[in-house]
Amino acid sequence: MFERKPMVAGNWKMNLNLNGAVELVKTVADGIRGVEGVDVLVAPPFTHMAHVRKAIGNSKIFLSGQNMHWEASGAYTGEISGRMLQEATCTHVILGHSERRLIFGETSENIDLKVKAATFLGLIPIVCIGETLEQREADQTFEVIKEQLDLSLHNFKADELMRPSTILAYEPVWAIGTGRTATPGQAQEVHRFIREWIEKNFNTGTAAQVRILYGGSVKPENIVDLMSKPDIDGALVGGASLKGDSFAQIIRYNEA
Ligand code: PEP
């Protein structure tokens, strides 16, 4: 069986002043010293990127954008390109977060263009998908996830190629920032469905290698149970990634 390296990723969203971001990443770097076998990533606000990179120093913490535009350059006021993220030393980019979809009206078609552009540049996309509470209660979870995958990864499907380094994040909207977590069983069920979707549309090898993160009120108290599930390969963490101690504890889940 293919061993997927777990990843714990912190999405800082529009939080922290510059000093706070620098201090936070230093605390995380200290807190994870000696940790092997888990990839650690932070996604700071764009304006903090260079300072956070400097504060990371030699620690193994990947830097990620929280979003990008699909075009390389041009008249797109307020936007940032993938190349700009790379110049800021980002290796990853979060795409299609539910806050982008729901607050800023991003469609799966937009996300598909971004995934394609990021992949072309060699930036690793972390593609987010997830159902709302209304959709879950109407028993539409799998239908919604399938549609989001079909449309957000449409270009991969057209090319019949999905890079195994691609990362997916299942983030049920009802669990984000609400303190309500999907049970490990609920999360595993959707993660399995996503892996089967990859297998069906690409191949078994790709399905075995793609990492699928869970996101939605992950904290030190629930990470161990979530990570015990075979198709959960890590976590995308919002609130608990803003405190160095709790984020480091999540990353050190296998020492609990
Ligand atoms: C997120 O925004 O990606 C997220 C999972 O947030 P939280 O951990 O705060 O629910």
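Counting starts at 1 for both ligands and their atoms, in listed order. Just so you know, these numbers come straight off a predicted model, no measurement behind them.
- By the 4.0 Å heavy-atom criterion, Lys219 is excluded from the residues contacting ligand 1.
- Environment of NE2 in His69: crowded, with over 12 heavy atoms of neighbouring residues, nucleotides or ligands closer than 6.0 Å.
- Using modelled atom types and a 3.5 Å distance limit, the side chains of Trp174 and Glu131 yield a donor-acceptor pair.
- Annotation: the span from Gln86 atom CD to Met68 atom CE amounts to 8.5 Å, rounded to 0.5 Å.
- The neighbour count for Lys243 NZ, taken as heavy atoms of other residues, nucleotides or ligands under 6.0 Å away, does not exceed 12.
- Close approach to Gly177 involves these atoms of ligand 1, each under 4.0 Å from a residue heavy atom: 7 (P), 9 (O), 10 (O).
- Considering backbone and side-chain atoms alike, Val237 places every N or O at 3.5 Å or more from each N or O of ligand 1.
- Looking from atom 2 (O) of ligand 1 to the surrounding protein, the closest heavy atom is Lys13 NZ, 2.5 Å.
- In Lys116, the NZ atom is not crowded: 12 or fewer heavy atoms of neighbouring residues, nucleotides or ligands sit closer than 6.0 Å.
- Using cut-offs of 30° and 60° for the angle between ring planes, the Tyr214 and His191 rings count as tilted.
- Polar contact check, Glu171 against ligand 1: a nitrogen or oxygen pair lies under 3.5 Å apart.
- Those atoms of ligand 1 with a heavy atom of Ala175 less than 4.0 angstrom away are 10 (O).
- Between Ala240 and ligand 1, no pair of N/O atoms sits closer than 3.5 Å.
- Remark: ligand 1 atoms within the under-4.0 Å shell around heavy atoms of Gly216 are 5 (C), 10 (O).
- One hydrophobic cluster holds both Ile198 and Leu149 under the rule that ILVMFWY side chains link at heavy-atom gaps under 4.5 Å.
- Contact atoms of ligand 1 toward Ser217: 7 (P), 8 (O), 10 (O) (distance under 4.0 Å to a heavy atom of the residue).
- Within a 6.0 Å radius of CD in Glu147, other residues, nucleotides and ligands contribute 12 heavy atoms or fewer.
- With hydrogens left out, the protein atom closest to atom 8 (O) of ligand 1 is Gly238 N, 2.8 Å, a heavy atom.
- Nearest to atom 1 (C) of ligand 1 among the protein's heavy atoms is His97 NE2, 3.2 Å.
- Contact between Ser241 and ligand 1 is absent, with no heavy atom of the residue lying under 4.0 Å from the ligand.
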Can you list the steps and then say if Thr27 with Asp30 is a side-chain hydrogen bond (donor to acceptor under 3.5 Å, both in side chains)? CA-CA 5 Å; Thr27 310; Asp30 276 351; over 6 Å; no
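- At the top of the distance list for atom 9 (O) of ligand 1, counting protein heavy atoms only, stands Gly239 N, 2.8 Å.
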